[in-house]
2 protein chains.
Amino acid sequence: MKRRPTIIDVAKKAGVSKTTVSRVITGDGANVREETIQRVQTAIDELGYTHNAVASSLRTDRTNLIMLSIPDITNPFWPAVARGVQDRMEREGYAVVFANSDWDAQREKMFLEMARRNRFDAILINPVRVNNDELKAAHIHTVLIGSHEGFPDFDIVGSNSYGATQLALAHLYDLGHRRIGLIRGERQSRPGHSRLQSYEDFLREKGLVLDSSLIVRVPFDEMGGRQAMEQLLSLAEPPTAVLAANDILAIGALQAAHQAGLTVPDQLSIMGIDDIFAASATTPPLTTIAKPQYEIGRQAAEFLLDRLGEQATAVPRRHLFNCTLQQRGSTGPPP
Amino acid sequence: MKRRPTIIDVAKKAGVSKTTVSRVITGDGANVREETIQRVQTAIDELGYTHNAVASSLRTDRTNLIMLSIPDITNPFWPAVARGVQDRMEREGYAVVFANSDWDAQREKMFLEMARRNRFDAILINPVRVNNDELKAAHIHTVLIGSHEGFPDFDIVGSNSYGATQLALAHLYDLGHRRIGLIRGERQSRPGHSRLQSYEDFLREKGLVLDSSLIVRVPFDEMGGRQAMEQLLSLAEPPTAVLAANDILAIGALQAAHQAGLTVPDQLSIMGIDDIFAASATTPPLTTIAKPQYEIGRQAAEFLLDRLGEQATAVPRRHLFNCTLQQRGSTGPPP
DNA sequence: TTGTAAGCGTTATCAT
DNA sequence: ATGATAACGCTTACAA
C-alpha cells in the first residue's frame, strides 16, 4: 500500500486543514501565516507530495496545457515559431506541447479530439485539413498560425504570403529574369493558393506569358524540391530562375541543380521563402524572403493570452507580418 | 448559462442512469442492451456531449497520454523515431505528444514535472541533463531512447554507438585513410563519450597516432558541422577523412568542404551517423551508418506497453540495435 | 487566519 | 441488464 500522498495527508501531518494546504500550494499565500506556510511546506517535503493537476483541473476547469499542432516537425520553421510561443506562454505558467500530424488529416483530427477531451486550455494550429467549422465545433480556444484563408472565426497570425511572393518575383524580375519557375507544395493548400495567385498576378502585370509547365507541385520536403527541379530542367526551354514556396523545397532544388552540373547563380537562380536557419548555410547561401518566425510565435501567444483572459469574446483579429528580401548568393542575372 | 453537457444530462435525456451512460461510453457495452446503447448514443449526439477525460483520469488514474521528450526537434532522426512510437502506441489508445527541450536542461526538467503533475501515463525520453535518480524520483513509467550509460534503473532502447563508430572508422580505414578527423556534438554528453572512446580504441588498435587536434567539438547542428570542418581544414596537416557524430553535423561539414573548394570524395571523405532522410539527398549523397529509427521507436513503445501492463516490475531491459554501413558517394580512397 | 463542506464529472462497487 | 452511491483529490464559498 504505497498510495501517493494527497493534500489530506499533508494536512494531517502539518496539523492544518486541507484548505490551508491548498492555499499554500496555489501560491495563494496572501491569507496564510508565514509560520503555517513553513509547517505545510516541510510536511510536503517530508511526504514527497506532488500536486495532482488532474484533480485540480477537474475543479478549476483549467489545465494550463497548450497544444501546438503542426504538420511537419522537420521543417525548422516551426521550432523557430514554437520558441516564440513557448517563451511567452511559459512565462504565464502554461506548458506547450507539440502535436505532429505528419501531414496526416486523420492524425490531426485525433490530436484535436484529444486536446478537447483532455481540456487543453487552447490550441495553436497550422491546419492541414481541418476547417473553420470543425475547429469551431471543438469549442476550444484556438489561434491559427500561417494559414489565413477560410477561417473567419479565429484569430490568425501569419505573414503576407501574397506580398512575399511579389517581393521574390520582383527581385528576380529586376535581375532580368523573364522565365521564372514556381515550385509549390502539394499539401498546404491555402497559402499555396495565395502564392499561385500572386505568381499569376505578377506575370500578368508584367505582361509575361503564363506557361503552366513552369509550375510544379510536389511534396513539401527536400526530395520534393529535387524532383521539381529535375522536372523543370528537363523542359525544352527551362526557366532561368526558380522560386520555391519554402526554403526546404528551395534547398532540394539547389541540390538537384548542383547534381545536374549547373552553377548557381551563374546559370540558374534559385529562391526560397521563410529564411529558416539552413538557408544561410547552403552553397551558395540561399536568397530568400524572411519571415519573422519567432515574432509570429510570440504574437500568436499574445492573441491566445487575450482569449484566455478578459478579451475572450473579442472579434477575430489577424496579424500578418510583412516579409523582407534576404539577398544572398543564390540569385543573379540570367546567363 | 451554456454549461457543457455531462453524462448526467445524457442520462436524463436517454432515460437511464449515468452508470449506464458510462458503460456505453467506455465501450464496456458487454452488459448493456443493444437498444439502450442506441438510446444513449442518440442522446449523446443530440446534446453534443464530449467525454471529460480529466474527470475520468481522476477516477481511473490513467490519462492515456505519453510524452516524448527530445532535445532537438529539428533533427529528422527524432520524427522518424516518433513515427515508430506513435504507430504502436496509438493502436493501444494512447496519444503521444512531443516535448522539445531545445537542449535546455531547465526546460527538460519543466516538462518532466509537467508530465508528472498531469499524470501522464509514461514518458519516453532522450535525456539532455536529467539523470537516473531524478527520473526515478519522478515516479512515472519511463523508457530511455538513445542514451545508454548511467541509467541502470530503466528500460533502454538505442543503437550500438560504439559499434557504429567502429564500423564507420573501419570503412574509412579500409579505403586507405590513416588521418581521420572526428566531429563531436557538444551537448549530448553520453553517446558522444562512447563515440570518442570507440575512436580512441580504434586508433590504438590500428596503431595510429592520436592527434587531439583532429577531434573537434561543436554545437549539434549544421552550423556546428561547418565550423568544425573549417577548423579541421585550417590544420597544418588536415585529415583525409572526417567522421561526424551524426548526419546533421556531416551535412554541415560537407557544405563547408564545398565552400572551401574541395571535391568530395576525391579530395576529402566525409561520413555521418544515423542515416536520416536528408543523407541520401546531399551532393554527393552521404555515406553513413544507418540506425533503424522507426524500429527504435517501435521497440521503445513495446517496452513501455509492457511496463504499463503486467510486466510493470520486470528488471530493466535494454535493446541496442546494430547499425549497418550505408555506403554512398561521400567516401573514397584518400587523394 | 483558518476550517467546514459542497461540489467538479467520472468510474467502481454493490445491489437489485 | 440496470441503478444508487461512494469515492477520486482538489478548490472555493461561506462560516467561524
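Here is the naming used below: chain letters follow the sequence lines, and residue numbers restart at 1 for every chain. All figures in this text were calculated on a predicted structure; none of them were measured in a lab.
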Participant: Okay, side chain of Q293(B), backbone of V81(B): is any donor-acceptor separation there less than 3.5 Å?
Facilitator: no
Participant: Between the main-chain N or O of N64(A) and the side-chain N or O of D121(A), is there a donor-acceptor pair closer than 3.5 Å?
Facilitator: yes
Participant: Let me know the distance between CG of D61(B) and C1' of dC10(D), rounded to the nearest Å.
Facilitator: 14 Å
Participant: Please enumerate all residues that pass ring pair (Phe, Tyr, Trp, His ring centres under 6.0 Å) together with F321(B), with sequence neighbours excluded.
Facilitator: H319(B)
Participant: Is the closest basic N to carboxylate O distance between R107(A) and D87(B) below 4.0 Å?
Facilitator: yes
Participant: Under a 4.0 Å heavy-atom cut-off, which of residues 111-122 of chain B touch DNA chain C?
Facilitator: none
Participant: Can you pull out the residues from residues 42-57 of chain B that lie within a 4.0 Å heavy-atom distance of DNA chain C?
Facilitator: Y49(B), T50(B), H51(B), N52(B), A55(B), S56(B)
Participant: Would R317(B) and D306(B) pass as an ion pair if we require N to O under 4.0 Å?
Facilitator: yes
Participant: List in chain and number order the residues that pass ring pair (Phe, Tyr, Trp, His ring centres under 6.0 Å) with Y49(B), two or more places apart in sequence or in another chain; answer none if no residue qualifies.
Facilitator: none
Participant: Return the value, rounded to whole Å, for the distance between atom CD1 of I25(A) and atom P of dT12(D).
Facilitator: 12 Å
Participant: Specify the separation, in whole Å, of atom CG of D9(B) and atom P of dT10(C).
Facilitator: 9 Å
Participant: If the cut-off is 4.0 Å, is S22(B) near the phosphate of dT11(C), judged by side-chain N/O to OP1 or OP2?
Facilitator: yes
Participant: Measure CG/L58(A) against C1'/dT12(D) and give the value in whole Å, please.
Facilitator: 14 Å
Participant: If the cut-off is 4.0 Å, is T6(A) near the phosphate of dG9(D), judged by side-chain N/O to OP1 or OP2?
Facilitator: no
Participant: Rounded to the Å, how far apart are E34(B) CD and dT2(D) P?
Facilitator: 11 Å
Participant: To the nearest Å, how far apart are K12(B) NZ and dA4(D) P?
Facilitator: 13 Å
Participant: Tell me which of T19(B) and T60(B) sits closer to the 5' end of DNA chain D, going by the nucleotide each one is nearest to.
Facilitator: T19(B)
Participant: So what is the end-to-end bend of the helix from dT1(C)-dA16(D) to dT16(C)-dA1(D), with 5 pairs used at each end and the value given to 10 degrees?
Facilitator: 30°
Participant: Got a list of protein N/O to nucleotides 14-16 of chain C N/O distances below 3.5 Å?
Facilitator:
none

Participant: Is R59(B) side chain donor-acceptor paired with the dT11(C) base, going by distance under 3.5 Å alone?
Facilitator: yes
Participant: Rounded to the Å, how far apart are I7(B) CD1 and dG7(C) P?
Facilitator: 17 Å
Participant: With the threshold set at 4.0 Å, does a side-chain nitrogen-carboxylate oxygen contact exist between E113(A) and K109(A)?
Facilitator: no
Participant: Hey, are D155(A) and R307(A) close enough for a salt bridge, meaning a charged N less than 4.0 Å from a carboxylate O?
Facilitator: yes
Participant: Over how many whole Å does the gap from K18(B) atom NZ to dT5(D) atom C1' extend?
Facilitator: 8 Å
Participant: Got a second to check how far I7(A)'s CD1 is from T19(A)'s OG1, nearest 0.5 Å?
Facilitator: 7.5 Å
Participant: Should the pair D102(A)-R83(B) be classified as a salt bridge under the 4.0 Å nitrogen-to-oxygen rule?
Facilitator: yes
Participant: Just by distance, no angles: are the side chains of E295(B) and Q299(B) close enough, under 3.5 Å, to form a donor-acceptor pair?
Facilitator: no
Participant: Within the distance-only criterion (no hydrogens, no angle test), does the side chain of E108(A) pair as donor or acceptor with the backbone N or O of R129(A) below 3.5 angstrom?
Facilitator: yes
Participant: Tell me whether the OP1 or OP2 atom of dG3(C) has a side-chain N or O from T20(A) closer than 4.0 Å.
Facilitator: yes
Participant: Between the base of dA1(D) and the side chain of T36(B), is there any donor-acceptor pair under 3.5 Å?
Facilitator: no
Participant: Nearest 0.5 angstrom please: F77(A) CZ to I70(A) CD1, how far?
Facilitator: 10.5 Å
Participant: So does I140(B) get a backbone contact from the side chain of T142(B), meaning a donor-acceptor N/O pair under 3.5 Å?
Facilitator: yes
